[in-house]
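A note on names: the letters A, B, ... follow the listed sequences, proteins ahead of strands, and every chain is numbered from 1.
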Protein chains: 2
Amino acid sequence: MVQPFVQYLREKGGLTPAELDAVASVSTFKKIRKNQYLLEEGQISDFIGFVVKGSFRLFRVGEDGQEHIMRFAIENWWIADFASFMNGQPSKCYIEALENSELVIITKDHWNGLLETMPNFKHMIDMLTARNFEAHQNRIYSNISESAEIRYENFVSKFPTIYNRIPLYMIASFLGLTRETLSRIRKQAVKKSSTDL
Amino acid sequence: MVQPFVQYLREKGGLTPAELDAVASVSTFKKIRKNQYLLEEGQISDFIGFVVKGSFRLFRVGEDGQEHIMRFAIENWWIADFASFMNGQPSKCYIEALENSELVIITKDHWNGLLETMPNFKHMIDMLTARNFEAHQNRIYSNISESAEIRYENFVSKFPTIYNRIPLYMIASFLGLTRETLSRIRKQAVKKSSTDL
DNA sequence: AAAGCAGCGTGATAAATGTCAATAAATAAA
DNA sequence: TTTATTTATTGACATTTATCACGCTGCTTT
């Protein structure tokens, strides 16, 4: 099985060698090229991916045709449209590779099997789910209470590895801003920090 | 046990009489008066409440002292700071009764016990969790992509029973707007709809 | 009835953000 | 290197939203 994935499962889930084998037996390796879609609107997300290499964006397209980025994923992140995955409904989202990327794929049936039969795995996912829930809460709070500038600063400090790897206009989309506004916010921030002397 | 709660468990979870008894044996009834707190910042939400009667708001207080409403709950809704509940961390939220209210309370230990021993209960909660996740996604999408006016309209059509029961300035807070702005948006909306003739 | 309070509406003005258009800078392709 | 292509910046202007101040209404409480 793919090395970074094994390491992740050992560190985060404490899986035993036997358990790692069991996960391996239901895992698929997948390469996907830049700008290709892992999932498209209308499809059902009946799998979950683990990013081994590369990066992804998950976005929805508004009625006006504009793309709105819900989520990024880089190495060691899980990626799927979890809403579609959990409800079995057609997805409202696209998942696009931002670079040539590599994934481990686990289908929904296998995933649920692991949760039922492997307590270590279930415990790991429960932890992630709880953290994810909290992250959603924090993002909603941020959206309804914080200024664009502070939202941007928080993003940078929270996701430094994403911030310096992904085009600015995508971060703007994630934050619910236009690229122009984010560009200006950045300029102001530079001015401010140089005043901090 | 409290009638509306029993009915809810039967309808949504298909619980048997024996199962209802089991839930009853770990449930507590609680009355709370208007403007009282069910939970305060810093406390750990080690319980989940089911609203039998009345209404609640869950909010955070920003650094400037402003209150930002994350969530409402009325009859037949569950209420807790789920982030605190799941992670066992001190809550960043207050939960306040907006009217004289009544709840069924289940502590965390009992809750987890029900999930482990009662598949019908677990299934019901899994469904709710999935829907809740989707609702969060939709709210984030709404926040980053939609205008204040559309956000308000969607709120009204999505939660008609909440909208006509709760002060407007709280809805504004929930939507991330000032009360003044929401007041003006409403006036515009009236003007528009009267032009629809 | 009078006083107090909570909620809502509105005007004037300021600040934040979006839109459009043009260009520069950076990166990839030829 | 030269040429395309993508990404980022900037200016001028329009729109949206916030802020501050004030008054109105309806409901309690006294």
Check your understanding: Should we count CD of A:Gln3 as having more than 12 external heavy atoms under 6.0 Å?
Key -> yes

Review point. Could you give the CD1-to-C1' distance, from B:Ile69 to C:dG7, as a whole number of Å?
Key: 14 Å

**Study point:** Residue pair B:Phe82 / B:Arg71, side-chain heavy-atom distance below 4.5 Å
**Key:** yes

Exercise for review: Please state whether the phosphate of D:dT9, meaning OP1 or OP2, lies under 4.0 angstrom from any side-chain nitrogen or oxygen of A:Lys187.
Suggested key: no

Produce the list of close N/O pairs, under 3.5 Å, pairing protein atoms with atoms of nucleotides 27-29 of chain C; give distances to one decimal.
none

Exercise for review: Step through it carefully: locate the ring centre of A:Phe155, locate the ring centre of A:Phe159, and say whether they are under 6.0 Å apart.
Suggested key: yes

Study note, to complete from the structure: Within residues 165-180 of chain B, the residues having a heavy atom closer than 4.0 Å to DNA chain D are B:Gly176, B:Leu177, B:Thr178, B:Glu180

Review point. Separation of A:Leu182 atom CG from C:dA16 atom C1', in whole Å?
Key: 14 Å

Check your understanding: Once you round to the nearest 0.5 Å, how far does CZ of A:Arg57 lie from CD1 of A:Ile95?
Key -> 11.5 Å

Study note, to complete from the structure: Rounded to whole Å, CD of A:Glu146 lies from P of C:dA16 at a distance of 15 Å

Exercise for review: State whether the number of non-hydrogen atoms from other residues, nucleotides or ligands found under 6.0 Å of B:Lys108 atom NZ is greater than 12.
Suggested key: yes

Practice item. Rounded to the nearest angstrom, tell me the gap between atom CD in A:Glu149 and atom C1' in D:dT17. Key: 17 Å

Review point. What does the inter-axis angle of the helix from C:dA1-D:dT30 to C:dA30-D:dT1 come out as, five pairs per end, nearest 10 degrees?
Key: 40°

Just distance, no hydrogens or angles: give the donor-acceptor pairs under 3.5 Å from side chains in residues 116-139 of chain B, sequence neighbours left out.
unit_1: B:Thr117; atom_1: OG1; unit_2: B:Gly113; atom_2: O; d: 2.8
unit_1: B:Asn120; atom_1: ND2; unit_2: B:Gly14; atom_2: O; d: 3.4
unit_1: B:Asn120; atom_1: ND2; unit_2: B:Glu19; atom_2: OE1; d: 3.0
unit_1: B:Lys122; atom_1: NZ; unit_2: B:Asp126; atom_2: OD1; d: 3.2
unit_1: B:Lys122; atom_1: NZ; unit_2: B:Asp126; atom_2: OD2; d: 2.9
unit_1: B:Thr129; atom_1: OG1; unit_2: B:Ile125; atom_2: O; d: 2.7
unit_1: B:Glu134; atom_1: OE1; unit_2: A:Asn87; atom_2: ND2; d: 2.9
unit_1: B:His136; atom_1: NE2; unit_2: A:Gln137; atom_2: OE1; d: 3.2
unit_1: B:Gln137; atom_1: OE1; unit_2: A:His136; atom_2: NE2; d: 3.2
unit_1: B:Asn138; atom_1: OD1; unit_2: A:Arg60; atom_2: NH1; d: 3.1
unit_1: B:Asn138; atom_1: OD1; unit_2: A:Arg60; atom_2: NH2; d: 2.8
unit_1: B:Asn138; atom_1: ND2; unit_2: B:Glu134; atom_2: O; d: 3.4
unit_1: B:Arg139; atom_1: NH1; unit_2: B:Met70; atom_2: O; d: 2.6
unit_1: B:Arg139; atom_1: NH2; unit_2: B:Phe174; atom_2: O; d: 3.0

Practice item. Please state whether the phosphate of D:dA8, meaning OP1 or OP2, lies under 4.0 angstrom from any side-chain nitrogen or oxygen of A:Ser183. Key: no

Practice item. Using atom CD1 of B:Ile185 as one end and atom P of D:dT15 as the other, report the distance to the nearest whole Å. Key: 16 Å

Practice item. Could you tell me whether the side chain of B:Val2 reaches within less than 4.5 Å of the side chain of B:Glu102, counting heavy atoms only? Key: no

Study note, to complete from the structure: Rounded to whole Å, OH of A:Tyr152 lies from C1' of C:dT17 at a distance of 17 Å

Point to revise | d(CD, A:Glu99; P, D:dT6) in whole Å | key: 17 Å

Check your understanding: Can any side-chain N or O of A:Ser84 pair as donor or acceptor with the backbone N or O of A:Gln89 at less than 3.5 Å?
Key -> yes

Practice item. Whole angstrom is fine here: how far is it from CZ in B:Arg184 over to P in D:dT15? Key: 17 Å

**Study point:** A:Phe59 and A:Tyr37 aromatic ring geometry - parallel, tilted or perpendicular at 30°/60° bounds
**Key:** tilted

Exercise for review: Anything under 30° is parallel, anything over 60° is perpendicular, the rest tilted; go ahead and classify B:Phe5 against B:Tyr8.
Suggested key: parallel

Point to revise | Partners meeting ring-ring contact (aromatic ring centres under 6.0 Å, His included) with A:His68 (sequence neighbours left out) | key: B:Tyr141

Check your understanding: Going through the checks in order, is the side-chain contact (heavy atoms from CB on, under 4.5 Å) test met by A:Ser91 and A:Gln43?
Key -> CA-CA 6 Å; A:Ser91 177; A:Gln43 299 176 342; 5.6 Å; no

Check your understanding: Checking A:Arg151 side chain against A:Glu146 main chain: does a donor-acceptor pair fall under 3.5 Å?
Key -> yes

Give each protein N/O atom lying under 3.5 Å from an N/O atom of nucleotides 24-26 of chain D, with the pair distance.
none

Exercise for review: Could you tell me the separation between the NE2 atom of A:His110 and the OG atom of A:Ser27, rounded to the nearest 0.5 Å?
Suggested key: 9.0 Å

